[in-house]
Amino acid sequence: MPWRSLEQLVFDNTYARLPEAFYAKPAPTPFASTPVVVAFNTDAALLIDLDHQEASRPEFAQLFGGSLLLPGMEPLAMLYAGHQFGVYVPQLGDGRAILLGEVVNERGERWDLHLKGAGRTPFSRDGDGRSVLRSAIREYLCCIALQGLGIPTTQALCVIGSDDPVYREQVETGAMVLRMAPSHVRFGTFEVFYYRRQYEHLKVLADYVIGLHFPHLAGLPDRYERWFNEVVERTATLIAQWQAVGWAHGVLNTDNMSILGLTLDYGPFGFMDDYDPGFICNHSDINGRYAFDQQPAIGLWNLGCLAQALTPLVAKEALKMSLDHYHRRFQQEYLRLMRAKLGLVEEQPGDQSLLDDFLHLLHESHVDYTIAFRTLGSLFSAEGEGHDALRDLFIHRERFDDWAVRYRDRLRSERSRDDERHRRMNRINPKYVLRNYLAQLAIEKARQKDCSEVDRLAAVLRSPYDDQPGMEAYAAPPPNWGKHLVVSCSS
Ligand code: AMP
Ligand code: MG
C-alpha cells in the first residue's frame with residue numbers, strides 16, 4: 001500500500017454536486033493563534049491511506065486548523081433540521097462544522113473529512129462556530145473508545161488546538177476535531193426537505209444515500225421502503241450495543257442520528273460508572289428525556305420522525321411495518337449481547353430474569369457496571385479470586401450468593417467450562433472504557449500543553465478487552481472527585 005501525502009489525497013465531492021439547496025459554501029475560519037496538533041489517530045489515517053508522518057508537517061495543523069485547503073477540497077456546510085428534545089426546529093445545519101471534501105481511498109471507500117469547530121457558517125444562528133479543546137478531546141477519545149469496543153461510530157483523525165479564547169460557562173480555548181464518516185447525512189437532513197415540502201429534494205437525497213451507501217438497493221422499485229427498513233435495523237442494533245456497554249449519548253435529537261447507523265455527534269455522552277438505569281449524562285437534560293434507559297424508546301421515536309419525513313416516498317403501511325419491527329430487532333440484539341456478557345451460549349427460558357436480577361443487584365448496591373461484568377468472567381475460577389472480588393462489591397452479600405448459585409446452575413445446564421467461558425467473556429466485557437474522569441485528567445494535562453495523556457488513554461482504549469500490563473489504573477472505578485462530573489451541552 002503506497003501511503004499518501006496530504007497533497008496526494010484523492011477527492012470526489014459527491015455532496016457538492018447535489019442541488020445548491022442542500023448546503024451553503026462557507027470557508028473555514030482559521031484561528032488567530034498558531035494551530036497545534038493535540039492528537040493524531042494513526043488508525044483513522046489508515047482509512048484514507050494517509051502517511052502518518054504527514055501529521056508532523058506544519059501544513060497538517062494548518063489544514064485541520066482551518067487555514068489551508070488542499071486542491072480538490074470544496075468546503076460546504078450541510079443543511080438539516082431536526083427534532084430537538086421533542087420539538088421540531090425548522091433549520092439547523094452545520095453551524096460549526098464544515099465538510100472539507102470526500103476522500104476516496106485505494107479500496108474505493110469514501111470518507112467525509114468533516115472539520116468541527118471551523119468557524120461560523122450561514123447555519124450558526126447565535127453560535128460562534130467554535131468548539132472548545134475539552135469537547136474536541138472528548139469526541140476524539142470516545143470515537144476511539146467506541147471503535148475499540150466494536151460499536152459503529154464516526155472516526156476522529158485529529159484534534160488541533162489553539163490559544164484562541166472561546167467563551168462558554170468559562171473562558172476556554174478553541175480547538176477543531178477532524179471527523180470522518182462515509183456520510184454525515186442525518187435523519188434531520190430528510191426532515192428539512194419534508195417540512196419545506198421540497199419533495200423533489202427529498203427524493204434526490206434518498207437516491208443519493210441509497211446509491212452511495214446502500215448500493216444493493218439502487219434502482220429497485222421498492223428501494224425506499226427496503227432502505228428505511230435497513231435504517232431501522234441499523235439503529236436498533238446500534239442502540240442495543242450502547243446499552244450493552246453502558247453508554248449514553250446524551251443528546252439524541254434527530255439531527256444527531258446518522259442515516260448509516262453510526263454513533264454521531266459526541267457531546268455530553270457518558271459511560272456509566274455505577275449501574276443506574278436512569279443515568280442522565282447530560283446535565284442540561286433536566287427531565288431525563290435522554291436517560292440511559294430511555295435510549296431504546298428514543299431510537300424508535302426518532303425513526304418515527306424519519307418515517308414521517310419519508311411519507312412522500314413510501315406508503316405509510318410499509319413505514320409502519322418497519323417501525324413495528326424495531327422493538328423485536330432491538331430486543332433480539334440486546335439479549336444476544338447480554339447473554340454473551342453473562343457467558344451464556346445457549347438460549348434458555350429463564351435467561352432474561354437471570355439478567356434482570358443481576359442488574360437489579362448492581363443497581364441496589366451501586367456497583368460499577370464495567371467492573372462487575374468483567375469480574376463475572378472469573379467467577380468460579382480455580383483460585384476463587386473472582387468470587388470474592390465480585391461478592392465484596394455488594395451490600396447484601398447473601399443476595400449475591402443466592403444469585404451466584406442460580407448462575408452456576410445455569411452455566412452447568414449448558415456444561416460451560418469456566419476457563420473457556422472466562423476467555424469468551426473477556427472478549428465482550430471490556431476492561432477499559434472512557435470514564436469521564438479519565439477524559440477529564442487527559443483534558444487538564446492538554447490544557448497545560450501536555451498532550452501525552454490523551455495519547456496514552458487513546459492507546460488503552462484501542463484495545464479495551466485486553467489485559468494491558470501496567471495499565472490497571474485505567475480500569476479502576478472513579479475516585480470520589482470523578483464520580484459526578486457535570487457535563488452539559490455547551491461544547
Ligand atoms: P449539537 O447539539 O452539537 O448537535 O448542535 C445542534 C446545532 O447547533 C447544530 O446545528 C450545530 O451546528 C449548532 N451549534 C452547536 N454549537 C454551535 C456553535 N458554537 N456555533 C454555531 N453553531 C453551533
Ligand atoms: Mg449535532
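Along the sequence shown, residues are numbered consecutively beginning with 1.
Between I151 atom CD1 and T263 atom OG1 the span is 6.5 Å, to the nearest 0.5 Å. Rounding to the nearest 0.5 Å places CD1 of I239 at 10.0 Å from CH2 of W247. Note: S258 OG to L264 CG = 6.0 Å, rounded to the nearest 0.5 Å.
F228 and Y224 have their aromatic ring centers separated by at least 6.0 angstrom.
The closest side-chain heavy-atom distance from F22 to L205 is below 4.5 Å. The side-chain heavy atoms of H283 and P268, taken from C-beta on, include no pair separated by under 4.5 Å. Counting heavy atoms from C-beta outward, D265 and R186 have side chains that approach closer than 4.5 Å. A heavy-atom distance below 4.5 Å is not found between the side chains of V232 and R329. Between F11 and L113, the closest side-chain pair of non-hydrogen atoms falls below 4.5 Å. For the pair K431/D466, no side-chain contact is recorded, criterion being any heavy-atom separation below 4.5 Å from C-beta on. In this structure, L18 and V204 have side chains that are in contact, with non-hydrogen atoms separated by less than 4.5 Å. Between L46 and W3 there is a side-chain heavy-atom pair separated by less than 4.5 Å.
Within 6.0 Å of the CZ atom in R107, the count of heavy atoms belonging to other residues, nucleotides or ligands exceeds 12. At most 12 non-hydrogen atoms from other residues, nucleotides or ligands lie less than 6.0 angstrom from CD of E200. Atom CD of E7 sits in a crowded spot, with more than 12 heavy atoms from other residues, nucleotides or ligands closer than 6.0 Å. Applying the 6.0 Å contact sphere to NE2 of H484 captures no more than 12 heavy atoms from other residues, nucleotides or ligands.
No donor-acceptor distance shorter than 3.5 angstrom exists from the side chain of E54 to the backbone of D51, with no hydrogens or angles considered. The backbone N or O of G261 lies less than 3.5 Å from no partner atom in the side chain of T235, so there is not a single donor-acceptor pair. Listed for the T153 side chain is no donor-acceptor partner under 3.5 Å among the backbone atoms of Q147. Not a single donor-acceptor pair under 3.5 Å links the side chain of R289 to the backbone N or O of I298. In this structure, Y23 contributes its side chain and A16 its backbone to a donor-acceptor pair below 3.5 Å. T121 places a side-chain N or O within 3.5 Å of a backbone atom of D94 that can act as its donor or acceptor partner. Between the side chain of S162 and the main chain of G174, a donor-acceptor pair closer than 3.5 Å is present. Put simply, the side chain of Q243 gets close to the backbone of F292: a donor and an acceptor are under 3.5 Å apart. Of the possible donor and acceptor atoms, none in the side chain of Y140 sits under 3.5 Å from a partner among the backbone N and O of C158. Between the E139 side chain and the A156 main chain, no donor and acceptor come within less than 3.5 Å of each other.
Taking all atoms of both residues into account, the shortest heavy-atom contact from V433 to L438 is O-CD1, 3.7 Å. F214 and L260 make their closest contact through CE1-CD2, 3.9 Å (heavy atoms, listed as atom of the first residue, atom of the second, distance). Considering all non-hydrogen atoms of both residues, A55 and F60 come closest at CA-CG, 3.6 Å. Closest approach of G119 and R130 over heavy atoms only: N-NH1, 3.4 Å. The two residues V251 and Y290 make their nearest non-hydrogen contact at CA-CD1, 3.7 Å. Across every non-hydrogen atom of P312 and L202, the tightest pair is CG-CD2, 3.7 Å.
Counted by atom type alone, T254 and N302 present zero donor-acceptor pairs between their side chains at under 3.5 Å. For the residue pair S322/E225, the side-chain donor-acceptor check at 3.5 Å is not satisfied. Donor-acceptor pairing under 3.5 Å is lacking for the side chains of R4 and N105. Side-chain contact annotation: R462 with Q468, donor-acceptor N/O pair under 3.5 Å absent. For the residue pair R96/S131, the side-chain donor-acceptor check at 3.5 Å is satisfied.
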Original post:
Hey, mind stepping through E333 and L238 against side chain to side chain contact (heavy atoms under 4.5 Å, CB included) and telling me if it holds?
Top reply: CA-CA 9 Å; E333 183 62 12; L238 174 70; over 6 Å; no
Subject >> Derivation of the ring-ring contact (aromatic ring centres under 6.0 Å, His included) call for Y208 and Y15 >> reply: CA-CA 9 Å; Y208 168 81; Y15 213 80; 5.5 Å; yes
Original post:
F187 and D255: side chain to side chain contact (heavy atoms under 4.5 Å, CB included), yes or no, with the steps?
Top reply: CA-CA 6 Å; F187 290 10; D255 49 298; over 6 Å; no
**OP:** List the steps, then state whether side chain to side chain contact (heavy atoms under 4.5 Å, CB included) holds for L92 with R125.
**Re:** CA-CA 8 Å; L92 294 162; R125 299 175 292 165; 3.3 Å; yes
**OP:** Kindly indicate, with the supporting measurements, whether the criterion side chain to side chain contact (heavy atoms under 4.5 Å, CB included) is fulfilled by L178 and L100.
**Re:** CA-CA 10 Å; L178 192 284; L100 298 174; 4.1 Å; yes
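Ring geometry for Y437 versus W481: interplanar angle over 60°, hence perpendicular rather than tilted (30 to 60°). In this structure, H184 and H114 have parallel ring planes: the angle between them is below the 30° cut-off, well short of the 60° mark. Ring geometry, Y334 versus F330: the interplanar angle falls under 30°, so the pair is classed parallel (tilted spans 30 to 60°).
A salt bridge between K483 and D273 is absent, with no side-chain N of the basic residue lying under 4.0 Å from a carboxylate O of the acidic one. Residues R374 and D368 are not paired through a salt bridge, judged by the lack of any N-O separation under 4.0 Å between the basic side chain and the carboxylate.
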Show the atom names and distances, to 0.1 Å, of all donor-acceptor pairs under 3.5 Å that link a side chain in residues 72-83 to residues at least two apart or in another chain.
residue: E74; atom: OE2; partner: N13; partner atom: ND2; Å: 2.9
residue: Y80; atom: OH; partner: G93; partner atom: O; Å: 3.3
residue: H83; atom: ND1; partner: E191; partner atom: OE2; Å: 2.6

Using residues 441-448 as the side-chain source, report each donor-acceptor pair under 3.5 Å to any protein atom, sequence neighbours left out, with the distance given to one decimal.
residue: E444; atom: OE2; partner: Q440; partner atom: NE2; Å: 3.1
residue: R447; atom: NH2; partner: E172; partner atom: OE1; Å: 3.3

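Geometrically, R138 does not engage Y266 in a cation-pi contact defined by less than 6.0 Å to the ring centre and at most 45° from the axis.
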